[in-house]
2 protein chains.
Amino acid sequence: MSTAQVAPETRLARPKRADARRNYEKILNVAREAFAEGGESTALEEIARRAGVGIGTLYRHFPSRQALLEALYVNEVEEVCRSAQQLDGADPWEALSEWFERLIGYLATKRALAGELLNYLDLDAPLFQECRTSLYAAGAPLLKRGQDAGVVRPDVEFLEVMHMVVGIAKIPTTDPGQIEHILRIALDGLRYRAEG
Amino acid sequence: MSTAQVAPETRLARPKRADARRNYEKILNVAREAFAEGGESTALEEIARRAGVGIGTLYRHFPSRQALLEALYVNEVEEVCRSAQQLDGADPWEALSEWFERLIGYLATKRALAGELLNYLDLDAPLFQECRTSLYAAGAPLLKRGQDAGVVRPDVEFLEVMHMVVGIAKIPTTDPGQIEHILRIALDGLRYRAEG
DNA sequence: AACTATATGGAGGCAGCCTCCGTTTGTCAA
DNA sequence: TTGACAAACGGAGGCTGCCTCCATATAGTT
C-alpha cells in the first residue's frame, strides 16, 4: 500500500525508464475514467488506444485485466483510508457513522469501478491482505473508540462492519437516498443499547 | 412469474413442440449446474455442448446470455417466495427474521449464480418488475405484520429491507458465520424501540 | 404417407484477450 | 557527443467466445 504512493517500482532494484513510468500513469488514469464511464467491461484495447499506447505496452505494465483493476483498487482504498484520519476529533459515534457515510458516498460515485472491483476479490491474494490491513489501521480505531465510549455494541469486529457497509453500498438502486436510509437502519443495529 | 410454473410458453398462442420443450429444460438445467460450478462466465458453447444441443439451439431459446441468466433468476425468486408462505403462523419477528435467514442461506448455496445474477439487475426490465412484485407479495406481509405488532420500526419499506439483506448475502467472505452475524446486526437495526 | 410449421446445429463473421517479436528509444559510459 | 545496449514500445496475429444465419431435419397434423 505505502509503496503505491512512491511509485510502485521503488521496490525493485532498477528504476523504470522515464517513458515507462509516464505510460504507466497514463494508462492508470485513462483506465479509471474509462471504467467509470463504460463499466468494467470496457475493452482493454480501447483503453490502450485512449491512452495513446499500444496494446502490448498496456499488457507489459498490467499483465492482465485483473492486474489493472487491482492497481486501481489500491488507489481507491488509499483514498478511503485517508478520509478516516480527518475524523479523529469528533464525537465517537459521529466520527464512525460519518466515515461510513463518506465511504458510501465515495463508492457511489465510483459504482462501476468500486462495485465491480470488489467482485474480483480473490480473498487470499496478498494485495487484498495488504488493503485489508490498511483499511483496518484506518477504520478500526474509529470503531474501537465507539466501543470504548459505550456507544457501539461490543460484539462486532471491524471487518464485519466494513463488509456490511460495503455490501450496502453495492446495492443496485437508482435512488441514492434509499442507500443512505438502509445504511442508517444498519448502523442503528450497531449502536449499543443496555438491554443488549 | 406465475407463468413460469406452468411452462413459459403457455402465454403464446401455439404450444412448443415436444423436442423444443425438452431442449429448453435441458439447457436450463445444465446452465444452472455449469454456472454454479464455473462461475457466471462459463462459455455458452460449453453449456450447449454439455446439454447436447447446438449453439444455435441454445440461442433460439435464450437469445442472449442475459436471457438465460434471467430465466434462471426467475426460478430462484420463485423458490424464495415459496419459502415465505410456510412462515405465516409464527411469531411476527421470528417469521420475518427466519425468512431472511433462509434467504441468506439459500443465496449462500448459489453464490455464484445468485450473486452474479443480481449484478445484471437492469432495474427497469419488465422481468425484474415482475419478480419484485412477487417478492413483494411474498415478503411484505411478513414485514407488515411485524410493524403492526410493534416489533419492527415503522419507517422502513419492504424493498429497502430486501435490498439490505441481499446486499449482505453478497458479501464476499469465506466464513458463512460472519454473514449471519452481520445479518443479525442489521436486523437489530430493524427492530422497533421506544426511543426511536 | 405426405406436408409444413417448427426446430435443429454448426459454419462463419466479429470482437476482445493476450503473446510474441521486430523496431524504437532512453540512458549511461567513454 | 556519440555509440551501444538494455528497456520499452506497438501492433500483427492466434485464440476463444459471442451471436447470426440458413440449409437441413423432424414433430405433429391431416
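In what follows, every chain begins at residue 1, and chains take the letters A, B, ... in the order their sequences are listed.
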Rounded distance (Å) that lies between atom [atom2] of [N] and atom [atom1] of [X]:
| X | N | atom1 | atom2 | value |
| --- | --- | --- | --- | --- |
| A:Leu68 | C:dC18 | CG | C1' | 14 Å |
| B:Arg49 | D:dT16 | CZ | C1' | 14 Å |
| A:Leu44 | D:dG11 | CG | P | 16 Å |
| A:Arg21 | D:dC9 | CZ | P | 13 Å |
| B:Ile47 | D:dC18 | CD1 | C1' | 12 Å |
| B:Phe62 | D:dT20 | CZ | P | 15 Å |
| A:Arg22 | D:dA8 | CZ | C1' | 11 Å |
| B:Leu58 | D:dT20 | CG | P | 12 Å |

Practice task
Describe, in one word, how the ring planes of B:Tyr24 and B:His61 are oriented to each other, choosing from parallel (under 30°), tilted (30 to 60°) and perpendicular (over 60°).
Solution key: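 Correct class here is perpendicular.
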
Handout entry: Atom OH of B:Tyr136 with >12 non-hydrogen neighbours under 6.0 angstrom
Key =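 Open: at most 12 neighbouring heavy atoms sit under 6.0 Å from OH of B:Tyr136.
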
Between protein and nucleotides 27-30 of chain C, what N or O pairs are separated by less than 3.5 Å?
residue	atom	partner	partner atom	Å
C:dT27	OP1	A:Ala18	N	3.1

Practice task
Determine: side-chain N/O of B:Arg65 to OP1/OP2 of D:dC19, distance under 4.0 Å, yes or no.
Solution key: no

Handout entry: side-chain N/O A:Asn23 vs D:dC9 OP1/OP2, d < 4.0 Å
Key =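 For A:Asn23, the contact criterion (side-chain N or O under 4.0 Å from OP1 or OP2 of D:dC9) is met.
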
Handout entry: Selection from C:dA7, D:dC19, D:dA8 that lies nearest to any side-chain heavy atom of B:Ala20
Key = C:dA7

Problem - Candidate nucleotides C:dG16, D:dC9, D:dC18, ranked by approach to the side chain of A:Arg60 - the nearest - result: D:dC9

Exercise for the section: Could you check whether B:Ile55 gets within reach of a base, just the sugar-phosphate, or nothing at all, counting any heavy atom under 4.0 Å? Expected result: base

Handout entry: Test: B:Arg49 and B:Glu45 ion pair at under 4.0 Å
Key =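 Salt bridge flag = no for B:Glu45 with B:Arg49.
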
